[in-house]
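Worksheet: one structure, shown below.
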2 protein chains.
Amino acid sequence: MSKKYRSDAMAAIHEMMEDLHDGGVIDKKTMRRFDQACLTPIRPLKPKEIKAIRERERVSQSVFANYLNVTSSLVSKWERGEKRPSGPSLKLLSLVEKNGLAVVA
Amino acid sequence: MSKKYRSDAMAAIHEMMEDLHDGGVIDKKTMRRFDQACLTPIRPLKPKEIKAIRERERVSQSVFANYLNVTSSLVSKWERGEKRPSGPSLKLLSLVEKNGLAVVA
DNA sequence: TTATATTATAGCACTGAGTGCTATGTTTGG
DNA sequence: CCAAACATAGCACTCAGTGCTATAATATAA
């Protein structure tokens with residue numbers, strides 16, 4: 001319940017911030033700082049963690065790969081530590097970890 | 001209104017499909033096919049389209065880059081056609097195009 | 001059980017996406 | 001006007017991601 005409350009609250013706060021900015025109440029700099037602070041923190045994911053995320057969603061490597069728009073062989077390499085996701089891939093994995101596969105459908 | 005209805009409907013259908021699968025009513029193959037069909041189609045984005053997406057969200061290149069977990073110089077190169085986003089980057093851009101920056105917050 | 005898909009691991013060559021840096025303009029706004 | 005934020009530019013580098021094929025393990029069906 002608290003989780004849902006938090007994300008809803010964040011959405012509401014963000015809308016409010018934008019309105020304040022449009023109305024000239026707060027300046028661009030503050031708005032920008034706020035945006036940066038709102039982003040979900042991204043940490044490097046270990047191979048086991050990636051596999052755990054996928055198995056929690058109950059999908060095969062190839063289906064998982066389709067969701068992220070990468071190849072299934074890459075997912076295999078992530079899970080075995082042969083390659084490490086970086087940049088946009090990490091972002092997608094973090095999103096799935098926090099919000100589930102549905103958010104990237 | 002129809003847009004909201006559709007996404008809600010899809011979520012409901014997906015839940016129903018999972019329940020049917022858990023109950024053994026439909027087999028794995030059908031479930032897998034269903035999942036694949038549900039993904040938002042991804043097409044290559046032209047530089048101008050990427051810039052348009054960002055400007056619609058009213059953010060600078062660096063803020064936009066933070067959302068996608070890439071560098072701001074890469075966003076600049078996308079918008080000028082020096083590099084073309086592929087794989088996971090395209091997925092993120094497509095998500096933002098369809099659902100707005102909030103979904104990748 | 002035997003057959004048959006679907007999974008996952010493995011290896012390899014290749015390309016270009018993405019990083020990190022610095023420098024130079026351009027716009028904004030205080 | 002001045003300073004800060006913004007965008008373009010170039011360059012060197014690394015390794016993520018692709019595409020392919022083959023094999024093995026694991027279901028699913030008959």
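Residue numbering restarts at 1 for every chain, and letters A, B, ... go by the order of the sequence lines.
To the nearest angstrom, P of C:dT7 lies 14 Å from CD of A:E55. Atom CG of B:L92 and atom P of D:dG17 are 11 Å apart (whole Å). Protein atom CG of A:L90 is 13 Å distant from nucleotide atom C1' of C:dG18, rounded to whole Å. Distance B:L68 CG to C:dT19 P: 10 Å, rounded to the nearest Å. Between the C1' atom of D:dC6 and the CG atom of B:N66 lies a distance of 14 Å, rounded to the nearest Å. To the nearest angstrom, P of D:dA16 lies 18 Å from CG of A:N69. One interatomic measurement links the two molecules: NZ of B:K91 to P of C:dG18, which rounds to 16 Å at whole-angstrom precision.
Proximity of A:T71 to the phosphate of D:dT18: a side-chain N or O atom is located under 4.0 Å from OP1 or OP2. A close approach under 4.0 Å does occur between a side-chain nitrogen or oxygen of B:R54 and OP1 or OP2 of D:dA7.
Residues passing the side chain to side chain contact (heavy atoms under 4.5 Å, CB included) test with B:K51, sequence neighbours excluded: B:R54, B:E55, B:E79. Partners of B:S73 under the side chain to side chain donor-acceptor pair (under 3.5 Å) rule, at least two apart in sequence or in another chain, do not exist in this structure. For A:S86, there are no side chain to side chain contact (heavy atoms under 4.5 Å, CB included) partners two or more places apart in sequence or in a different chain. Partners of A:S94 under the side chain to side chain donor-acceptor pair (under 3.5 Å) rule, at least two apart in sequence or in another chain, do not exist in this structure.
One end of the helix from C:dT9-D:dA22 to C:dG30-D:dC1 points its axis 60° away from the other end's axis, with each axis taken from 5 pairs and the angle rounded to 10°.
Contact check for B:Y67 versus B:V103: no side-chain heavy atoms found under the 4.5 Å cut-off. Under the 4.5 Å side-chain criterion, counting only non-hydrogen atoms from C-beta, B:V75 is in contact with B:V70. The shortest distance between side-chain heavy atoms of A:I50 and A:P85 falls below 4.5 Å. Within the 4.5 Å cutoff, the side chain of B:F64 has no heavy atoms near those of the B:S72 side chain.
With DNA chain D read from its 5' end, the first of the two nearest nucleotides for B:G87 and B:Q61 is the one closest to B:Q61.
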Starting at the 5' end of nucleotides 10-17 of chain C, put B wherever the base has a protein heavy atom under 4.0 Å, S where only the sugar-phosphate does, and a dash everywhere else. S-B----B
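The stretch residues 80-96 of chain B participates, sequence neighbours left out, in these salt bridge (charged side-chain N to carboxylate O under 4.0 Å, His left out) pairs: B:R80-B:E82.
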